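All values reported here derive from a predicted model rather than from experimental measurement. Per chain, numbering begins at 1; letters A, B, ... match sequence-line order.
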Protein chains: 2
Amino acid sequence: MSASRTARERARAELIREIKAAARRQLAEVGAAGLSLRAVARELGMVSSAVYRYFPSRDDLLTALIIEAFDDVGAAVERADAACPREDLIGRWLACCRAIRDWALAHPHEYALIHGTPVPGYAAPEETVVPASRDGRVLAGILRDAEAAGVLAPPAGLPPAPASFAEDAARLREQVFPPVSDDVILRALIAWTWVYGAVSFELFGMYRNVITDRAAAFEHGALCLARMVGLPLPDDA
Amino acid sequence: MSASRTARERARAELIREIKAAARRQLAEVGAAGLSLRAVARELGMVSSAVYRYFPSRDDLLTALIIEAFDDVGAAVERADAACPREDLIGRWLACCRAIRDWALAHPHEYALIHGTPVPGYAAPEETVVPASRDGRVLAGILRDAEAAGVLAPPAGLPPAPASFAEDAARLREQVFPPVSDDVILRALIAWTWVYGAVSFELFGMYRNVITDRAAAFEHGALCLARMVGLPLPDDA
DNA sequence: CTATGTCAAGAGCATTGCTCTCGTTTGTGG
DNA sequence: CCACAAACGAGAGCAATGCTCTTGACATAG
């Protein structure tokens, strides 16, 4: 019942796609703050008020783009993971991290849209929450395989996860994470946080005059954090 | 020659201060994207064109606010560090991390201004680079004291810093860091990156439905990263 | 005292997001 | 088959915005 209803519905779906495509093009050029509904309408040869039939406000258009962006980076991570041999856990981890960074460098404005300042005053709506977790699921999948292979060896010498994290850990374990300890789950979140922190720092210019070879430094950090989570390093010290 | 020149200059400096103050108030309310030069002018009882005598463009006002914000968080970190006993290295580290997070939670819009999307298309100008490093200097100071006390013990089992980082490390060692290994410097940068990544994730809503007790999780992460850098943990495992 | 440069004020331009009202087109139920 | 309602594109219009330009008042320097 969803495919090809009336001609009107098909036209509508098509137009929504075109509007989003034009908006993405413009987003890539001028950034989120400069995205103009009127300009999008102009590019499509329609009048501005017509666009409002499809997106009730500029923020709704932005939200659609946010969801697409989350989905896009999620897909990139999934592809990167799938391209690795399943048993090369650290290779998969690095590939995923690299995929995030590469995607961000290739789509800086879209990255800024999803990990920079939430636009004007608004809070990211609920519907962005699911696509936002695609990358996390992939990362958790690597941990799952590591656990299944019995090679998950989180280093000692670190403090235990706070007791207040137990409930979160239980829920996450049920949803995405393998049956590993609270410590590992929290460390995985810490590593996930770092990846995006590093990408944001690089993209927003915080590494200027600090780190030159950012790709190598990123790789190094990703490796260190993977070790902290418990993934086995390749071979060398 | 800088203090109290002509009445005109004094009036000018005073007005610049007032404009910035009004802009900060407005920034705290409506965020960077909603900051309006005209509204600032209204609040001050002047006409919009008059403000342009003091800030040639809206972005220049924003830049001034960015510098102030960097300075503000830098000062907060310095205060937090100074309030700790010098020999309590891990306590100082945690206090600094906490200061960053607390400042960000108290000034979300200003934090978003300096660590979120750089406004429209523009790249943060050079003059923001010095104030942006105040917090880093404090963190590096802790490492310096740890090194001097001979308690800096970076854990083994992690990969060495990439060779391409050597030049950066040398420069940083000269500028802010104590004479420690490239590995420690890079790990410190990784930890520094994480702190802001975690604050950004928390502030921008990425921990929704993921981490509940964010303060405790942040503390835990800061501790783990401190350990990775080489700071000695209090006592327990 | 005069001349120069600074200043606030106002009008004005182009642009934006968004609303409202028109006819027109399209799909559907009688 | 046809009439009615919903969806639609177009256009005008409103309240804002950033920014420019001109005008006239003022203070300061010579």
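Map B/Arg38 and B/Met46 each onto its nearest nucleotide of DNA chain C; the residue landing nearer the 5' end is B/Met46.
A cation-pi arrangement is present between B/Arg101 and B/Phe218 under the rule of less than 6.0 angstrom and at most 45 degrees off the ring axis.
For the pair A/Phe55 CZ and C/dT16 P, the computed distance is 18 Å after rounding to whole Å. Atom P of nucleotide D/dA15 and atom CZ of B/Arg42 are separated by 14 Å, given to the nearest angstrom. Atom CD of A/Glu9 and atom P of D/dA6 are 16 Å apart (whole Å). At whole-Å resolution of the value, CZ in A/Arg8 and C1' in C/dT25 are 6 Å apart. Rounded to an integer number of Å, the gap from CG of A/Leu44 to P of D/dA10 is 11 Å. Across the protein-nucleic acid pair, B/Leu62 atom CG and D/dT17 atom P stand 15 Å apart, rounded to whole Å. The separation between B/Asp60 atom CG and D/dC19 atom P is 8 Å, rounded to whole Å. In this entry the distance linking CG of B/Leu37 with C1' of C/dA9 reads 16 Å, nearest Å.
Side chain of A/Arg58 to main chain of A/Leu35: a donor-acceptor pair is present (N/O by atom type, distance under 3.5 Å, no hydrogens or angles). For B/Asp81 (side chain) and B/Cys96 (main-chain N/O), no donor-acceptor pair under 3.5 Å exists by modelled atom type.
Between the base of C/dA8 and the side chain of B/Ser49 there is no donor-acceptor pair shorter than 3.5 Å. No donor-acceptor contact under 3.5 Å links the side chain of A/Arg53 to the base of D/dA7. Side-chain atoms of A/Thr6 stay outside donor-acceptor range of the base of C/dG27, with no qualifying N/O pair under 3.5 Å.
In this structure, B/Ser36 reaches the D/dG18 phosphate: one of its side-chain N or O atoms is under 4.0 Å from OP1 or OP2. Taking side-chain N and O atoms only, A/Arg10 has no distance below 4.0 Å to OP1 or OP2 of C/dG27. Look at B/Arg58 and you'll find a side-chain N or O under 4.0 angstrom from OP1 or OP2 of D/dG18.
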All N/O donor-acceptor pairs, side-chain side in residues 48-56 of chain B, below 3.5 Å, sequence neighbours left out:
none

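Using a 4.0 Å heavy-atom cutoff across all strands shown, B/Ser57 reaches sugar-phosphate atoms only and no base atom. Residue B/Tyr54 is in sugar-phosphate contact alone, with no base atom involved, counting any heavy-atom pair closer than 4.0 Å across all strands shown. Residue A/Leu35 is in sugar-phosphate contact alone, with no base atom involved, counting any heavy-atom pair closer than 4.0 Å across all strands shown.
Aromatic pair B/Trp194/A/Phe201: centroids not less than 6.0 angstrom apart. Two rings, from B/His115 and B/Tyr111, have their centers less than 6.0 Å apart.
Contact check of residues 12-21 of chain A against DNA chain D (heavy atom, cut-off under 4.0 Å) returns A/Arg12, A/Leu15.
Relative ring orientation between A/Trp192 and A/Tyr196 is described as perpendicular, the plane-to-plane angle rising above 60° on a 0-90° scale split at 30° and 60°.
By the 4.0 Å N-to-carboxylate-O rule, B/Arg137 lies too far from B/Glu78 to be salt-bridged with it.
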